[in-house]
Amino acid sequence: MIRIHCPFCGERDHSEFAYGGDGSVVYPALDASAEAWHDAVFLRENIRGLQVETWQHVNGCRQWLRVERSTVTHEITSVQACHPGVATVLESEQ
Amino acid sequence: MSSFECTDMTRYSAWSVFKNGLTGQRNWGRAWRDPEPKPQYDIVIVGGGLHGLATAYYLAKNHGQKRIAVLEKGWLGGGNAGRNTTIVRSNYFMPGNRAFYEHSLTLWEELSHELNYNVMFSQRAHISLLHSPAARDAAARRYNTMRLSGSDGELWDLPTLKAAVPHLNYAEDARFPIIGAAVQRRAGTARHDAVAWGYARAADQLGVDIIQNCEVTGVQRDGDNVSRLQTSRGDIAAGKVGFAVAGHTSRLWQMAGLGNLPIESHKLQAFVSEPLKPLLDQVVVFGVGGAHFYISQSDKGGMVFGGDLDWYKSYAQRGNLPIVQDVAEAATSILPCLGRVRLLRHWSGVMDMSMDGSAFICKTPLSNLYLNAGWNYGGFKASPASGWYFADLIANDRPDPVIAHFDLKRFERGVVIDERGAGPDPKLHG
């Protein structure tokens, strides 16, 4: 069981969370070229090692989180709120 | 053992079993050689799984190719070849999948004779349980399509199903009461290790060098060509190179400097129970709502079953506990008699989950590199046809029409082969 330290709820089992996906994907502007959209929607780096990904605490605060996790050992090195404003506030409070 | 010659190989037969039985089973020869890698081959297949071995076999058998090597980083049968639930079926619906999987099933039907190796293919029927009129309508559409394209498929009502599999949970107050089943009688199971060993032995007899403990660590390019592969057992030059390393395709692709692929690596668990007396004669599949479960009984008596992915991306060949619980819940909900059966082992394999749930057998941006990848959940049943068409692609440098849609450009064209209609999220294509 992976344990995720939710910045809102504390450390919980990963079974409380839903996996989003690759958090490094940046969607292009709506009027960007078809190639740019193709690459963002369909292509993945598929990192073997530390990657940024999104998880949602569905059975908790329902917040989306940005998690840095190794795809080999499953070790988590950082967890932040996805919302950049919320993440900044939480960090400044610490 | 490298001096061992192909000609010493025994052809397996009732007579050879009898003779070796009388002499205490001491005189069986090696099943395949253990050659040192040569500095150069005409064709190098990276990946000694079922797809790689089948490809090498059909390259030699169907296309008369010589000087072929298969490079395997571990041992044969140690990767996904030995980490599946051994189910073979062809109940695919989409154009692009339909003809391919049907051809695979017809190859399975003759595979033991073809390879002179008993792969224990058992056409015991594949039974997908149905739980609602809508599911029955969808199954009717799918299975009628299969029949119209020359395959077999039938819909069973409840009395027929009860007569065939009497001990499922038929309670009317079950969370998802069973109302019937969609059945493919020609589907079934095979012994996964035997498939790897059978292809390896047959390919070896045709002169293919199968090189184990040989990991590719680098791909050297000469412009738009792969010139040589760096491996843990030295550099190997190759005329043509085929990648068949499902689970780790992205890594090799990046070693070749080719960027990103429409693939994520996820892991799927499978389970086997302690051996039981004969209990289940068919493959039974339960899939409704959030549940996904498939089960059969091996010839040793173990109940072999599996469920969903572990849901998050991973290259670790070990499963997580929440899925063990999910699968156990599904098992006891449709086969309550398994409640006190003990689990013997569970394991996990890393697989290529593609963006539309379908595979790739295609040319690549490099002129002498070919790709076989993206098998999602379905790699085991696909392996004979996958090898067949990948060999054809490598030998003739053009895809057969049957696999013309298994290319990387289909996402650009907007012609995805999304059997589940789940969209571009790899973890949903289970």
Side-chain angles (χ1 to χ4, degrees), chain A residues 1-6 11-28 32-60 64-79 82, chain B residues 245-255 258-267 290 308-326 348 350-358 360 373-374 408-416 418 423-428:
Chain A
M1 184 80 78
I2 300 172
R3 300 271 286 170
I4 298 175
H5 193 94
C6 173
E11 190 177 316
R12 302 294 175 90
D13 285 353
H14 88 257
S15 52
E16 285 188 15
F17 298 76
Y19 185 64
D22 193 328
S24 68
V25 176
V26 179
Y27 289 113
S33 65
E35 289 101 304
W37 272 101
H38 167 271
D39 292 358
V41 173
F42 294 113
L43 298 188
R44 294 291 176 265
E45 193 179 347
N46 199 14
I47 293 170
R48 187 177 192 277
L50 204 60
Q51 75 155 11
V52 176
E53 56 195 19
T54 55
W55 291 74
Q56 189 191 12
H57 198 181
V58 279
N59 293 320
W64 279 95
L65 307 175
R66 257 176 97 77
V67 177
E68 253 189 318
R69 184 183 66 98
S70 163
T71 57
V72 181
T73 64
H74 301 168
E75 190 186 358
I76 289 175
T77 47
S78 85
V79 185
C82 269
Chain B
V245 293
H248 289 74
T249 308
S250 298
R251 296 188 65 209
L252 268 179
W253 196 251
Q254 283 153 8
M255 277 182 206
L258 292 170
N260 297 345
L261 279 173
I263 288 173
E264 282 186 359
S265 295
H266 286 258
K267 62 196 161 81
D308 274 316
L309 292 172
D310 278 14
W311 292 124
Y312 49 80
K313 254 188 63 184
S314 174
Y315 283 91
Q317 285 179 315
R318 57 192 156 81
N320 71 26
L321 291 173
I323 292 293
V324 178
Q325 186 175 6
D326 280 3
S348 149
V350 181
M351 56 205 62
D352 285 356
M353 296 303 292
S354 72
M355 279 290 173
D356 62 353
S358 292
F360 305 105
L408 289 164
K409 299 272 184 193
R410 65 177 181 257
F411 301 98
E412 285 173 29
R413 292 196 306 271
V415 193
V416 295
D418 190 343
D425 188 346
K427 67 179 180 292
L428 301 181

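Residue numbers begin at 1 in each chain, while the letters A, B, ... track the order of the sequences.
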- Item | Choice from A:M1, A:R69, A:E53, A:E35 maximising heavy atom contacts with chain B below 4.5 Å | A:R69
- From the list A:D22, A:D13, A:T71, the residue making the most non-hydrogen contacts under 4.5 Å with chain B is A:T71
If you look at every heavy atom in [X] and [Y], which pair is closest and at what distance?
{"X": "A:N46", "Y": "B:S250", "answer": "ND2-OG, 2.8 Å"}
{"X": "B:W311", "Y": "A:Y19", "answer": "O-CD2, 2.9 Å"}
{"X": "B:Y312", "Y": "A:I2", "answer": "CZ-CD1, 3.5 Å"}
{"X": "A:V41", "Y": "B:P424", "answer": "CG1-CG, 3.7 Å"}

- Item | Whether over 12 other heavy atoms sit under 6.0 Å from A:R66 CZ | no
- Query: Around atom CD of A:E11, are there more than 12 heavy atoms of other residues, nucleotides or ligands at under 6.0 Å?
  - Reply: yes
- Message: Given 3.5 Å as the limit, does a donor-acceptor pair link the side chain of B:K427 with the main chain of A:G20, or not?
- Response: yes
- The side chain to side chain donor-acceptor pair (under 3.5 Å) partners of A:R44 (sequence neighbours excluded) come to none
May I ask you to test the [X]-[Y] pair for a side-chain heavy-atom distance under 4.5 Å?
{"X": "A:H74", "Y": "B:S314", "value": "yes"}
{"X": "B:L261", "Y": "A:E45", "value": "no"}
{"X": "A:F42", "Y": "B:E412", "value": "no"}

- Partner chain A: residue of B:E264, B:K313, B:K267 with the largest heavy-atom pair count (under 4.5 Å): B:K313
- Note on the structure: residues 317-325 of chain B vs chain A, non-hydrogen distance cutoff under 4.5 Å, contacting residues -> B:R318, B:N320, B:P322
- Query: For A:W37, is it the side chain, the backbone, both or neither that has a heavy atom under 4.5 Å from a heavy atom of chain B?
  - Reply: neither
